[in-house]
Amino acid sequence: MLTFGHNMLKSFRMNVFSVSQIRDWDAFTIAHEPIHSIDLMERASSAFVRWFCARFDDRCPVIVFCGMGNNGGDGLAISRMLLQKCYNVRTCVVKHSPKGSADFSRNLERLESLTAIEWIETAADIPTLLSPPIVIDALLGSGLSRPAEGLMAEVIQRINDAQTPVISVDIAAGLFADMPNAPSDSIIKPTHTVAFQCPKLAFFQPQCAEFVGEWDIVSIGLSEKYELQTPTSYFYTDAAIIEPFTKARKKYSHKGSFGHALLIGGSYGKIGSIVLSAKACLRSGAGLLTVQAPQCGYDIIQTSIPEAMVLPDWHWRINTAVPNIEPYSAIGIGPGMGQDPQTLLMLRELLTLLTSPIVLDADALNLLSKHPDMLTILPKNSILTPHPKELQRLLGQSWKDDYEKLTLLRDFSQKYQLIVCLKGAHTAVALPDGSIHFNSTGNPGMATGGSGDVLTGIITGLLAQGMHPTDAAVFGVFQHGKAGDRAAQKCTQPALIASDIINEMRW
Ligand SMILES: NC(=O)C1=CN([C@@H]2O[C@H](COP(=O)(O)OP(=O)(O)OC[C@H]3O[C@@H](n4cnc5c(N)ncnc54)[C@H](OP(=O)(O)O)[C@@H]3O)[C@@H](O)[C@H]2O)[C@@H](O)CC1
Ligand SMILES: Nc1ncnc2c1ncn2[C@@H]1O[C@H](COP(=O)(O)OP(=O)(O)O)[C@@H](O)[C@H]1O
Ligand SMILES: [K+]
């Protein structure tokens, strides 16, 4: 009867590899394509140059700072290509090592025949960045083996002090790609990072935000075979996710074909939360929706969402009644619900009745945090949508850095076999198989009361239509952010309110 059922996520995601996997990917491509490493560097550099030239014209003076590893080699090749396109380019190389990598040295020879290289051997050699050029940072890439120190740290500091756009090649110099830096480390603060082939884990960590800036991925044609055969736990959900879910509705489908969702929430003064969830749930395509809310919400919901049915609680201010769950294909609970002891009893009783996954948000999560024994009775693949504070409460502990946060998130999701959507920029969806899926959509305009309630409604609506819980979570998070992006385009980020996200939902 329902449209979706099996997990379609598998073939529509981008892998996020570790540094050592990226190194192996490089080597695999070199061996199997086959291609010489110097030609792969040429491919990477021209991909960067295409990105660059599409955004900055040849009137902008450019200064390329290079190290002596392969990231520096990229920088030298980028300098040559920009010179050949008539850009005004200076190339500075930081002499941090007696000898450069082989491909660095080849590119040095190639560039020296076109222009003079400025060597930085002491702090006195660092050029003054007075009339701000655009800086290209090819100082250090994914091969960073220790924090930048000495002369390298000095160069990084001087670039950061200059008020100028900085574009990092592959990753900002000094930033570890997949482990935490110390707070005192010297790291470039780029306006943009242009990464080769796949994002680095650091790009998704709030603590790395100023060391990443805006980022883009450029393809450099690394082996598809390697990507398919190499296991990873981290994935990036980009626009390709939409493809399998954009099927037209069948001609003779009817409202019964698209499930019946039940949303439980709202309390006196917070009926708006469940109204937002309800509207989003209907817009997600659910065939029917019932909302269970306290008596005080009855008129509000009937008036503001005539499309929804209402199951009023006998209690005026809070939810207390355990619903008959039989008619519903999915249930979402929590927005605006409050944490009254009677509501807790209802939640506990409801959980014992469930046989299929449920969506839990807001106060349902807070009640779970206070009574963690209930976590063990949640059906496998139930979907939790905490923001970081709610996650902290669920875990009963905080984390020392964002990398530890991901480990704790994964352990929690695997321990209880739950899907956990940790909300924020790049919402991280942790699945019971141990994988974590970072979202690509959304914007800071969505940091406004009610945005999360909208997400609960969307995921519940997708689940009600029979979508696999994994797909409902990852796809729902993606579409929620996408609608938020459309809304921000229309009304700007500060003016965006949660209702705008609902109004911009499209499938
Ligand atoms: N597959 C791809 O994506 C492709 C990647 N490519 C490019 O290769 C880059 C990775 O290159 P990479 O491995 O040579 O490393 P890179 O970052 O240049 O630095 C290593 C050098 O720096 C040194 N060093 C380390 N830490 C240091 C520190 N703190 N302070 C000072 N020195 C330090 C280290 O020497 P060590 O002293 O550790 O022996 C070594 O000499 C990658 O980011 C991308 O730009 C493309 O060309 C082709 C396709
Ligand atoms: N800076 C941001 N970038 C992208 N998305 C964001 C950002 N801030 C918040 N969001 C999104 O907005 C929603 C906020 O949810 P939540 O914190 O639960 O808000 P509320 O409780 O007010 O509904 C989440 O889906 C989150 O991913
Ligand atoms: K770099």
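Just so it is clear, the values below take in all heavy atoms, side chains as well, and ignore hydrogens, waters and symmetry mates. In this text the structure is predicted, and so the values were computed from the model without any measurement.
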D401 vs M179, test: side-chain contact (heavy atoms from CB on, under 4.5 Å). Steps then yes/no. CA-CA 10 Å; D401 60 51; M179 61 182 210; over 6 Å; no

Write down the atom of R506, the atom of N503, and the distance for their closest heavy-atom approach. NH1-O, 3.7 Å

Please report the closest heavy-atom contact between I220 and A47, naming both atoms and the distance. CG2-CB, 4.1 Å

For the atom pair [atom1] ([X]) and [atom2] ([Y]), what is the distance rounded to the nearest 0.5 Å?
X    : Y    : atom1 : atom2 : answer
D313 : Q342 : CG    : CD    : 9.0 Å
L394 : L408 : CG    : CG    : 12.0 Å
T460 : L462 : OG1   : CG    : 8.5 Å
C198 : I217 : SG    : CD1   : 6.5 Å

Quick check against the 3.5 Å criterion: does N71 have a side-chain atom that pairs as donor or acceptor with the backbone of V169? yes

On the 0 to 90° scale, with breaks at 30° and 60°, tag the F52-F56 ring pair as parallel, tilted or perpendicular. tilted

Assign the ring pair Y236 / W215 to parallel, tilted or perpendicular, where the plane angle (0 to 90°) is split at 30° and 60°.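 Rings of Y236 and W215: tilted, as their planes differ by 30° to 60°.
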
W51 six-ring face occupied by R55 cation (under 6.0 Å, within 45°): yes

Would L350 and I325 count as a side-chain contact (heavy atoms from CB on, under 4.5 Å) if you check the C-alpha gap in whole Å, the side-chain angles of each, and the deciding distance to 0.1 Å? CA-CA 8 Å; L350 173 68; I325 61 170; 3.5 Å; yes

How about S168 and D137: does a side-chain donor come under 3.5 Å of a side-chain acceptor? yes

Evaluation steps, side chain to side chain donor-acceptor pair (under 3.5 Å), between T232 and N15: CA-CA 7 Å; T232 173; N15 293 7; 6.0 Å; no

D340/R317 salt bridge by N-O under 4.0 Å criterion: no

Lys/Arg N to Asp/Glu carboxylate O, D361 vs K423, below 4.0 Å: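 Yes, D361 and K423 are salt-bridged.
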
When F235, Y226, F28, F196 are each screened for ring pair (Phe, Tyr, Trp, His ring centres under 6.0 Å) with F17, the one that passes is Y226

I305 side chain reached by L282 side chain, heavy atoms, under 4.5 Å: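 A side-chain contact under 4.5 Å exists here.
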
